[in-house]
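This is a predicted model, so every value here is computed, not measured. Each chain gets a letter, A, B and so on, in the order its sequence line appears, and its residues count up from 1.
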Amino acid sequence: MSSILKKAAVVSIPNVRQALLRSNPVLASSLLAKRAYNSKNGVEMTVRDALNSALEEEMTADEKIYLLGEEVGQYNGAYKVSKGLLDKFGPKRVIDTPITESGFCGLAVGSAFAGLKPVCEFMTWNFAMQAIDQIVNSAAKTHYMSGGNVNCPITFRGPNGAAAGVAAQHSQCFAAWYGSVPGLKVVSPWNSEDAKGLLKAAIRDPNPVVVLENELMYGVSFPMSEAALSKDFVVEIGKAKIEKAGTDITIVAHSRSVGFALEAAMLLEKEGICSAEVINLRSIRPLDTETIINSVKKTNRLVTVEGGWPQYGVGSEICAQIMESEAFDHLDAPVVRVTGADVPTPYAQNLEAYAFPDTEVIARVIKRTMNKKIGA
Amino acid sequence: MYARVSVRALARSIPSKAIKATPAPLTHSAKAFSTSALSMDSHKKKERVKVHFPGALDSHFSQVLEIREKMEPIDTFRVMDTDGKVLDKALEPEVTEEFATKIYKDMLTLNVMDLILYEAQRQGRISFYMTNAGEEAYIGSAAALDPEDEIFGQYREAGTLLYRGFTLDQFMNQCYSNDMDLGKGRQMPVHYGSKALHFQTISSPLATQLPQASGAAYAIKRSGKKNCVMCYFGEGAASEGDFHAALNIAATTSCPVIFFCRNNGFAISTPANEQYKGDGIASRGVGYGMHTIRVDGNDVWAVYKATQEARKIAVEKHKPVLIEAMTYRVGHHSTSDDSSAYRSKKEVEDWKRHDNPMVRMRKWLESKGWWDEARENEHKSTQRSAVLKSFAAAEKRKKPAVSEMFNDVYDKLTPNLIEQKKELEELIKKFPAHYDTSNYAKEN
């Protein structure tokens, strides 16, 4: 195994082994789902369909809402998230744009200033770097810099982070970048309920909101509760969800990593090693530190999991905030971050597998953390 | 020769009897397609053969390898000469005395305000300023707009705000970032904004306002209102990616926006001939499929008429228009610039003498009997007093309340901001000697 890659992945994962075959995401998540949800109606929905219904419901309810981006209309969306919307709402509400992220993002921002409610889709968040000035300097800062006179009720959305076999320029996670910007709200859904509720909340929010979806999750099905199927279902931005209660250690994750964290937790519980509490962040900004602090006070141990790069990442921020809070006195072991490897994402399948954390890696880190104790 | 021709293209150009229904394989020699329409002999006939590729629009095939370097330069429209005389009687402006003198008075007021605020920065009383010297004629474009047309400026269009009724107090309060500033002290000087006057708060990144203007125009189109967006920028900003993105998308999305380029010859120290190699900015408009006008930017009436016509196209046809107004930046780029470092003082003085927008307009007014030396002096001196009065009042006012630091990041304070605000309040209360808030307005 390449020693370079080994070093690169070391930040919080000292012994990277050959990764096991990735657990079948569909099987795993439905196993999880059966445990995590009390849905009696038996309705299942893919993340993609959840996003589609969120868009459809909101656009039906409010004429000011419109969708724009590349391939969103006639092509039904590069990942089919906007399927059927052009047919239902017409070309004034679903706009196919030329290839110009700065152009259509700027147009969307300007239309938001003028009173419309755009949903601006980036084919992936990687391409949004070509429009990041419009997102950060204009959308995020204008309400503040205009003395509260100009509003920007815009939603930016698109797939973020790891995909499969698309290499570095298509696999970056932007949670930390946008999460650091005052004026933006940033959400990162994991399952279908998250996707629908957070996207609806984002569209209804009068502030600019960044919605970081994940391509690998689009096709994954989850049960939807009765409440989640309603037209008015929203998930509150800024509140995390405890997906699985536990007593011995807190795992905080967002997006796809939540699935892996839950698998690891179930594995370790079955092996009788520990009872882990898994928190699904749902929102990157505002960060629900209260939920994390309360959990740490209960379990005394914390591990963060993310797909993004280690330096200046989501886990780094959680560590810092926990350390600065009353939760510090409750820690029995140092907080550990599990993150993506500190390299541009490789293309080769085996290397790509090493570059992102999975169930195996998370389980190992949890075990190691369980064995530590300060002052012992 | 015609090795790869799409099946669809074939189907359109060839009479049906000449083509079989089966899809054509990818590569062929010209011989395989010698039907009458595609034969090499077609160039011997007088008729020109249209190109049918989906991207070609209106092109025709040619056996001449044309390497084109430039198009015919676009003429610069003017109404008055440098002495304020209308060159073609048919273009004599049909305006009232009140309308015409308001424009000129605002040009004068702008001038006076610029001089005083520039000096204020030099004296350390405000942190930054940008003048409009040499470009005052753009006020003519504001005069052609409807008050509800949304304006997205760059930073050298304060005259349009003045024309719409922004008061001297409001200008000064923004420059001093005091508690009366509409922007609550959050922006550098000259970054004005006014919701009431439909003037979008100035945003610093160059050309960022162009795609935004396209978007605001799209919103206006959706609303059904008979308005347009007016977007100002300089020839330097037109090099930014956002310029190209904005023009293209305004054209493809049919947005009622006027893109008004103040080509004043300089982008800080970069002269226009180093900023671009083509025929100015106007030549690009045609490239994006847009109605385009080039105008003498020092001629109030030319600017007025161009904007009037552009507005008609934008509002009635929902199509964007590009206006390039040629002018000369007499002043420095800003108070952070000393232009004698890159151009001679003589060059500047020559421009002020030979082609001065203020002089041209004044002479035109005088030729109509609507202005004279006495009115000039009177207006200048009353405006000077008014500016100084506003200035002194703005300087004395306190800064916005400390709590304003946390407001408007979002529509409502988020938990972390509430926490930080509380912490600061407690610190200020506990250590008043270390947190002197006497210069800040009281909390509400």
* Asked: Given that the side chain runs from C-beta out, which part of K185(A) has a heavy atom under 4.5 Å from chain B: side chain, backbone, both or neither?
  -> both
* To do: Please answer whether the main-chain N or O of D411(B) pairs with a side-chain N or O of N207(A) as donor and acceptor at a distance below 3.5 Å.
  => yes
* Who among L210(B), I249(B), T253(B) has the most heavy-atom pairs with chain A under 4.5 Å? -> I249(B)
* Return yes when atom OH of Y312(A) has more than 12 non-hydrogen atoms of other residues, nucleotides or ligands closer than 6.0 Å, and no otherwise. => no
* NZ (K64(A)) with more than 12 external heavy atoms under 6.0 Å -> no
* Asked: Hey, which residues of residues 218-239 of chain B are touching chain A, say heavy atoms under 4.5 Å apart?
  -> Y218(B), A219(B), R222(B)
* Does atom CD1 of I99(A) have more than 12 heavy-atom neighbours, drawn from other residues, nucleotides or ligands, at distances under 6.0 Å? -> no
* P98(A) versus chain B, the contacting section by heavy-atom distance below 4.5 Å -> side chain
* Side chain to side chain, V150(A) and Q200(B), heavy atoms closer than 4.5 Å -> yes
* Structure fact -> Taking every heavy atom of P205(B) against every heavy atom of N137(A), the minimum-distance pair comes out as CG-ND2, 3.6 Å
* What part of F152(B) gets closer than 4.5 Å to chain A, counting heavy atoms only: side chain, backbone, both or neither? -> side chain
* In this structure, are over 12 heavy atoms from other groups packed under 6.0 Å from K298(A) atom NZ? -> yes
* Which pairs pass salt bridge (Lys or Arg N to Asp or Glu O under 4.0 Å) with one or both residues in residues 100-113 of chain A, sequence neighbours excluded? -> none
* **Segment of N149(A) engaging chain B (4.5 angstrom heavy-atom cut-off)** => both
* Asked: Is it the side chain or the backbone of L184(A) that comes within 4.5 Å of chain B heavy atoms, both, or neither?
  -> backbone
* To do: For each of Q130(A), M145(A), K92(A), tally heavy-atom pairs with chain B at distances under 4.5 Å, and name the one with the top tally.
  => M145(A)
* Tell me, yes or no, whether the heavy-atom count around E423(B) atom CD, taken from other residues, nucleotides or ligands under 6.0 Å, exceeds 12. => no
* Quick one: what part of T100(A) sits under 4.5 Å from any heavy atom of chain B, side chain, backbone, both or neither? -> side chain
* M405(B), part contacting chain A, at a heavy-atom distance under 4.5 Å -> both
* **Minimal non-hydrogen separation, Q212(B) against S138(A), with atom names** => NE2-OG, 2.7 Å
* For F113(A), is it the side chain, the backbone, both or neither that has a heavy atom under 4.5 Å from a heavy atom of chain B? -> side chain
* Exercise: identify the closest heavy-atom pair between G215(B) and S111(A) -> O-CB, 3.2 Å
* Please look at V181(A) and chain B and tell me whether the side chain, the backbone, both or neither of the residue comes under 4.5 angstrom of a heavy atom of that chain. => backbone
* Any side-chain heavy-atom pair of D242(B) and Q134(A) under 4.5 Å -> yes
* Return yes when atom CD of E425(B) has more than 12 non-hydrogen atoms of other residues, nucleotides or ligands closer than 6.0 Å, and no otherwise. => yes
* Top contributor to chain A contacts, counting heavy-atom pairs under 4.5 Å, from E404(B), K195(B), H198(B), H244(B) -> K195(B)
* To do: Assess whether atom NZ of K421(B) is packed by more than 12 heavy atoms of other residues, nucleotides or ligands within 6.0 Å.
  => yes
* Structure fact -> If one checks every heavy atom of T208(B) against chain A at 4.5 Å, the contacting part turns out to be both
